[in-house]
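Here is the structure we will look at.
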Amino acid sequence: MTTAAHLSGQPARKAADLLKAYLGLTKPRVIELLLVTTIPAMLLAVRGIPSPFLVLATLVGGTMAAGSANALNCVVDSDIDQVMKRTRARPLVRHTVSNRHALIFGIALGAGSFAVLWAATNLLAGVLAVGTILFYVFIYTMVLKRRTAQNIVWGGAAGCMPVVIGWAGVTGRIDWPALVMFGVVFFWTPPHTWSLAMKYKDDYERAGVPMLPVVARPTAVSRQIVLFTWLMVIWTLLLVPATGWLYTAFAAVAGAWFIVLAHRLHAATKRGVPTKPMRLFHMSNTYLMIVFVALAVDSALSLPVLGWPW
């Protein structure tokens with residue numbers, strides 16, 4: 001009976017492992033960015049709370065689009081994932097899922113995301129989602145990532161699109177606040193990614209990926225982190241005319257905090273003392289959450305808009 005019970009449990013375990021592998025292809029932790037930024041963008045678009053169905057449909061379609069892009073990224077990058085310690089546990093490296101099945105899975109998710117967004121929101125949101133997938137796979141993954149140290153700067157534009165898709169899902173158009181939110185994430189991405197790459201420099205070098213910390217001196221990297229941090233914080237303040245006091249206060253305080261940590265990293269790098277770039281990496285996630293949660297609360301409460309000073 002023990003043997004029979006053991007054998008009967010094997011298919012269930014295999015199915016669970018396979019499900020976990022397909023979920024791993026979508027990189028769920030990366031998709032957290034979608035949730036952190038999309039909902040606040042939708043709330044800001046109406047300065048209130050939009051239809052729960054519309055929010056749910058946009059999140060489902062957006063999650064499918066992000067999962068599609070990530071799965072296809074895993075297929076293209078399966079060769080370098082094998083030599084990087086940080087990525088050796090991914091499903092394609094462990095052969096839990098075949099490249100062919102991962103490719104089909106990624107394409108199916110992309111097609112599904114377009115169908116969901118078009119049917120439940122509007123055509124513009126669906127087209128933006130498909131365009132984001134294509135840009136991430138063909139421009140970032142297949143061209144920029146392995147050829148230029150500016151890969152994450154321009155390739156990171158794909159990660160900025162959830163705010164635009166969320167805004168378009170509510171309004172059916174793209175307005176200036178959506179472009180400002182796009183810019184916030186755009187300028188946030190380099191400090192976030194380069195601080196991680198400083199920690200895993202040897203990994204990227206072994207894989208032949210020219211991340212900035214691989215091809216530039218540490219002080220040049222930390223200087224770029226400081227530059228993009230200032231641009232990011234200044235860019236968050238461009239949303240002030242469309243928001244209230246709560247967002248403005250949190251954006252300013254959180255931005256000052258980020259600037260201080262970026263300058264500390266740069267100062268330590270210049271002195272040649274051991275640095276802790278992962279502290280900035282983890283803090284960057286917290287920072288983005290604070291700014292966009294403040295934006296969401298400010299919008300949901302319909303606080304008085306500060307407006308333009310003229």
Side-chain angles (χ1 to χ4, degrees), residues 10-38 56-117 125-126 128-146 151-152 155-162 165-166 185 189 192-193 196-197 200 203-204 206-209 211 281 285:
Q10 284 184 348
R13 282 198 299 273
K14 288 182 178 179
D17 289 342
L18 190 60
L19 180 62
K20 183 179 179 181
Y22 275 103
L23 181 63
L25 287 173
T26 67
K27 303 180 185 178
R29 296 192 65 179
V30 176
I31 293 178
E32 290 175 7
L33 175 64
L34 167 76
L35 303 177
V36 170
T37 60
T38 303
L56 179 61
T58 304
L59 290 179
V60 170
T63 298
M64 292 175 70
S68 168
N70 290 332
L72 296 173
N73 169 267
C74 285
V75 174
V76 178
D77 279 352
S78 60
D79 58 332
I80 62 175
D81 284 346
Q82 294 181 35
V83 299
M84 294 180 64
K85 292 180 180 179
R86 190 172 61 87
T87 56
R88 284 179 181 172
R90 288 182 177 172
L92 297 186
V93 178
R94 300 178 64 184
H95 303 291
T96 312
V97 179
S98 70
N99 281 31
R100 179 174 179 271
H101 287 168
L103 177 63
I104 295 172
F105 176 65
I107 294 173
L109 276 179
S113 71
F114 175 76
V116 168
L117 289 171
L128 289 173
V130 173
T132 301
I133 296 170
L134 296 176
F135 178 86
Y136 187 73
V137 176
F138 290 101
I139 304 301
Y140 170 65
T141 306
M142 299 182 71
V143 178
L144 297 175
K145 184 173 183 177
R146 307 191 192 206
N151 48 18
I152 199 61
C160 310
M161 287 303 295
I165 294 171
V185 182
T189 302
H192 170 76
T193 308
L196 177 70
Y200 293 101
D203 242 11
Y204 286 108
R206 189 182 306 111
V209 178
M211 295 294 288
F281 171 77
N285 288 321

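Since the structure is predicted, the reported quantities are computational estimates derived from the model, not experimental observations.
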Between T87 and V93, is the side-chain contact (heavy atoms from CB on, under 4.5 Å) condition met? List the steps.
CA-CA 8 Å; T87 56; V93 178; 5.6 Å; no
The test is side-chain contact (heavy atoms from CB on, under 4.5 Å); show your working for V209 and N151 and say whether it passes.
CA-CA 9 Å; V209 178; N151 48 18; 4.2 Å; yes
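- Using a distance-only test at 3.5 Å, with no hydrogens or angles considered, a donor-acceptor pair links the side chain of T132 to the main chain of L128.
- Residue pairs meeting the salt bridge (Lys or Arg N to Asp or Glu O under 4.0 Å) criterion with at least one member in residues 67-78, sequence neighbours excluded: D77-K145, D77-R146.
- Contact record, A129 with L117: CB-CD1, 3.5 Å, taken as the closest heavy-atom pair.
- Shortest non-hydrogen contact noted between T37 and P162 is OG1-CB, 3.8 Å.
- When atom types are taken as modelled, the side chain of S113 and the backbone of G62 share no donor-acceptor pair closer than 3.5 angstrom.
- Listed here is the closest heavy atom pair of F135 and G155: CE2-O, 3.8 Å.
- Atom CG of N73 sits about 10.5 Å away from atom CG of L25, to the nearest 0.5 Å.
- Contact between G110 and I133 at its shortest, heavy atoms only, is CA-CD1, 3.7 Å.
- S68 places no side-chain N or O within 3.5 Å of a backbone atom of I107 that could act as its donor or acceptor partner.
- T26 is linked by a side-chain hydrogen bond (donor to acceptor under 3.5 Å, both in side chains) to nothing, counting only residues two or more places apart in sequence or in another chain.
- Two residues are said to be in side-chain contact when any heavy atoms from C-beta on lie closer than 4.5 Å; I80 and Y204 fail this criterion.
- Considering every non-hydrogen atom in both A89 and R94, the closest pair reads O-CD, 3.2 Å.
- Residues L72 and L103 are in side-chain contact: their nearest non-hydrogen atoms beyond the backbone lie under 4.5 Å apart.
- Contact check for M211 versus T193: side-chain heavy atoms found under the 4.5 Å cut-off.
- Between H101 and Y22 there is a side-chain heavy-atom pair separated by less than 4.5 Å.
- Annotation: side chain of T58 is in contact with side chain of T38 (closest heavy-atom distance under 4.5 Å).
- Other residues, nucleotides and ligands contribute more than 12 heavy atoms inside 6.0 Å of the CZ atom of R88.
- Scanning both residues, V143 and F138, for their nearest heavy atoms gives CG2-O, 3.2 Å.
- Annotation: side chain of V97 is in contact with side chain of L92 (closest heavy-atom distance under 4.5 Å).
- In this structure, the separation between CG on L59 and CD1 on I165 is 11.0 Å, given to the nearest 0.5 Å.
- For the salt bridge (charged side-chain N to carboxylate O under 4.0 Å, His left out) test, residues two or more places apart in sequence or in another chain that qualify with D203 are R206.
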